[in-house]
Amino acid sequence: MGRIVVDVMLKPEILDPQGQAVRGALPRLGLDQFTDVRQGKRFVLSVDGEVTDEHLAKAREAAETLLSNPVIEDVVNVHELTSDEPEQAPITGAGA
Amino acid sequence: MGRIVVDVMLKPEILDPQGQAVRGALPRLGLDQFTDVRQGKRFVLSVDGEVTDEHLAKAREAAETLLSNPVIEDVVNVHELTSDEPEQAPITGAGA
Amino acid sequence: MSILDTVTQAAQTPDVQQPWADLGLKQDEYERIVAILGRRPTSAELAMYSVMWSEHCSYKSSKVHLKRFGDLPSETPLGKTLAGIGENAGVIDIGQGWAVTFKVESHNHPSYVEPYQGAATGIGGIVRDIMAMGARPIAVMDPLRFGAIDHPDTARVLPGVVRGVGGYGNSLGLPNIGGEIVFDECYQGNPLVNALCVGSLRHEDLHLANATGAGNKIVLFGAKTGGDGIGGVSILASETFDEGGPAKRPAVQVGDPFAEKVLIECCLDLYAAGVVEGIQDLGGAGLSCATSELASAGDGGMSIELDRVPLRDSTLSPEEILMSESQERMMAVVAPDKLDAFLEITGRWDVEAAVLGEVTEGDRLVVTWHGETIVDVPPRSVAHDGPVYERPIARPEWLDAVQADSSDSLPRPSDLGADLLALLASPNICDKSWVTNQYDRYVLGNTKRAMPHDSGVVRVDEETGLGVALSTDCNGRFGRLDPYAGAQLALAESYRNVATTGALPLAVTDCLNFGSPEDPAVMWQFQQAIGGLFDACLELGIPVTGGNVSFYNQTGETAIHPTPVVGVLGVIDDVATVVSSGFETKGEIVLLLGETRDELDGGEWAHALHGHLGGQPPRVDLKAEKALADFFVDAVRRGVLTSSHDLSDGGLAVTLAESAMTGGIGASVDLSPVLQRDGVDAFTALYSESTARALVTVRSEADLATVAGIAETHGVPIARLGSTDGDRLKVKDAFEVGLEEMRAAHTGTMRQYFG
Amino acid sequence: MKIGVVTFPGSLDDSDARRAVRIAGGEAVELWHGDADLRGVDAVVIPGGFSYGDYLRAGAIARFAPVMTEVITAAKGGLPVLGICNGFQILTESHLLPGSMIQNDHRKFLCQDQVLRVENASSAWTNGFEVDQEITVVLKNQDGQFVADEATLDRLEGEGQVAFRYVGGNPNGSSRDIAGITNERGNVVGLMPHPEHAVEEGFGPSLDGRTFFTSVLQQVVSA
Ligand SMILES: Nc1ncnc2c1ncn2[C@@H]1O[C@H](COP(=O)(O)OP(=O)(O)O)[C@@H](O)[C@H]1O
Ligand SMILES: [Mg+2]
């Protein structure tokens, strides 16, 4: 099974209340080195078998038509999720 | 200015209403090659100057304490956003 | 690097070409600005004038007509209005030291572009208007209109708008207590998203938008300013930028309801602490509007250091900062000795506040940017002395043909019950809980009545139960057949919806949604509608205290139906006395109030079952509406009614069905008293949309006698139809349908189209 | 008897919770998110709303407020704490209660009158009910789907920590129809529906919500 990642972020000029809320909370955890936070969406699309160029083209189409709202969002990324990315082994979340 | 990406996904065993809705809508757009869709969150944290290991460590801490809830989510990715990633030039959204 | 266009420079370079046309100004308007200033405007001044003199802000096409509302007596049946047209929202005395303020506004075009954010910021904007009067917002309503229910674009627009209204309103903790959802092809390219907010205050808390007292500080507080909603003004910015041009400016505003909720609580704390002299919300035209309106309503001038505005985007030019429509911001006038207390309160709520300048002795609005003067204008010339147009008016040629095409020729149904089921399932009458269940109607704990009742009722004072009832209504089809009558019918329905609760109707707000004012036929419709509203308010003795005009609702050459949405507010001494619109128990006596005539033109039966629109709308009878309202005030106060529901879309048949479904109890009725008295047939009795009618129930013969007495006092015709019982609606000699069958028809439609 | 009601930026049903406390005969005390001080209250209600906009995850940011540090310590010491809706979400984010909430399975905000079955009538906030009693309160939320891993769900059921279940259809996809739970000790209760909107004649679907508040007042008196 192959997987494709699509990342969508609010356009830089659009207000991001979500990112702002996170930005405001971080210093309370003693994390004050972050000057800005933006929050977007990450989609992982699965396909049967290997990821082909055709799959990627379709994913791009999905990204632009359904997964993002071009009035306020940009698709910043469409790429195959390769197994050497850390993704496969979550770096946290072992416990609960 | 440096930037760090944190990706958070719902744990595989947790139902993802948002992803399912996307999954259900794709075929209606003639996109039927995707067998599964999961939707997660992507955070972009900015720092002044270059991204250091210390920044990355703090970003990981933020990811694990605030940006994700280990009961339902996994942090799948914390990495510097390097300029050769497509991010810098949105692939859509020129107009609007 | 930007080159600053200062006042000095403007005086020295009179011949610089300025993009006034791109900013929507006409040549003569530009020349007037030059005449006012005695020189060419700076680019910042040009930006201010262009946006403040736009149709939206200056009401240049509607002003001459709207003026009429000012001629209405400014008294409500309870006394003087505390603030009227011209303020952010009208304020009405409701007794016991309490006042309420309410207003409806449109956010039509933004909601078509980006349904979620358009609707969300529509709610946000109207709530700030209410806050600006010194009130606590206590409820919202959302009159909405969409294209055909089965059009693919409706599937995009409606769910987004509803999520936006809910997403913003729910997050503010304001109950949604009513609204409308109307489908009609005429709104296909122009959905109407209107939003109403009502707030309450003690008389002494009334605040007005004026900047008085030289030396008082001008404080901007709330969200940071970004490049939102700048639109055409970016052209100016690009002129003043050397290289690279300005960053892209978003076409849509994005709302942050959390910021607004905090702003509400912060404002209320500021008012309670007595640290605010004057206050204004920031909405359309942003700082340009707030500064010029505050200064122009005040007694002096104002000076502003624009570089003190907290920015979200550091690349914004001064022109853009003046224009930005960033949401969730307010501007206050604060006495210097109260500034610390003011800032302490904003600090407690984590609300950013910046002192931008102060009220000055002079009579100029002066804006500086890094020490250089970029605006120096008489504030009134920006805020109030905009152009005024007497647009050409012409009665549309098509109207005679439309009025001649009555519904008389449509085939009458052989099965009256089948038509009821079809009507119950039709888009405009079907159950709207798919929408209204996405709205919080309980928050604040004062909601006595909300959906699906005729009006929303909220308690204002917990001690006494004093409260208000509100409804918004408009049938645009009636407006198309006759805009004068259409506006009166909208008012009559809203008035009646409020009256059925037993509330005394006090005041009107309106949102006049029309096509292009440059089309003489549209202007005629507009003038007619205003005339209709004016005459009706005069006769009913209630003032128009505020509202909004939305023009250019059209696709190509085709305008929407004239849609003057009318909101009526009534007061009720104790909300506990309000009864349900559903049947309460079995064995009660069912009564019809009012007279039925053969009036099906423009009604829901002709529309939904035959796609027909022609003829003359139902006759307006304001005396009868007033008599009905007086009846309800008495009857509800005396506690003799067990339910009440007005008759409107779909007539008696639909009202009976709704009361039965809401209450979960059927009824057996016999129409013969109505048929004999009013000389109509059963079909007409069931589906005619004659006005000034309502359905009520009473518990006993004794109560019936009381009710009959009250009806006689007020001259309201009354007919005994039958009684509540069982789980079917039985209309003698006409039809019988089960509650379940009706429910299935009624509740299936929205789910079928929207999931 | 003093019951504290916490106000965060974005709390919405705090005045309603205070009204419910008063109607039940208690004294309502306002607690401010920024103060690390419980002002000597005998119990705490964390009300509904959208604290900090709920933009990240419902309740995620509120958990780090100074007042929550105090609430967490006191709750571990046995102080009765009731989390309603957003309050429930804050309690799970604070790990005072297990599981978490995700978006409703239908992805819409849903406001409706909701029937619940009482499953635990011995906690600090439910001891005035009978087991299997059905009550009607108001449900209104966007992120109301309770989730937890199977082991946790089994444990909650096994230990009697499921306090309420939805009746008449699951409105949001919550695991095993769970509407509310308690901690092991029974002093901390969280539920998604809103009992504070069912306390006053004519302003809610029933008066069933009062029992939450009378329960805790009763318990505090007898403790
Ligand atoms: N967009 C909406 N928002 C909130 N409530 C709505 C909306 N649309 C309709 N409603 C409510 O649904 C009920 C039925 O609407 P409608 O049939 O138009 O009422 P009426 O004919 O009495 O004016 C009313 O309570 C109305 O307030
Ligand atoms: Mg009605």
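A note on names: the letters A, B, ... follow the listed sequences, proteins ahead of strands, and every chain is numbered from 1. What you see is a predicted model; the values in this text were computed from it and never measured. Both backbone and side-chain heavy atoms feed into the values below; hydrogens, waters and symmetry mates do not.
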In terms of heavy-atom contacts, P17(A) and G255(C) come closest through CG-O, 3.8 Å
Would you indicate whether H55(A), at its atom NE2, is surrounded by more than 12 heavy atoms from other residues, nucleotides or ligands within a distance under 6.0 Å? yes
Can you sort out the partners of F221(C) under ring pair (Phe, Tyr, Trp, His ring centres under 6.0 Å), two or more places apart, ordered by chain and number? F342(C)
The side chain to side chain contact (heavy atoms under 4.5 Å, CB included) partner of V254(C) among I14(A), L10(A), D16(A) is I14(A)
Just verifying a value: how many Å separate I72(A) CD1 and Q117(C) CD, rounded to the nearest 0.5 Å? 5.5 Å
Least distance between heavy atoms, R312(C) atom then Q20(A) atom: CD-NE2, 4.4 Å
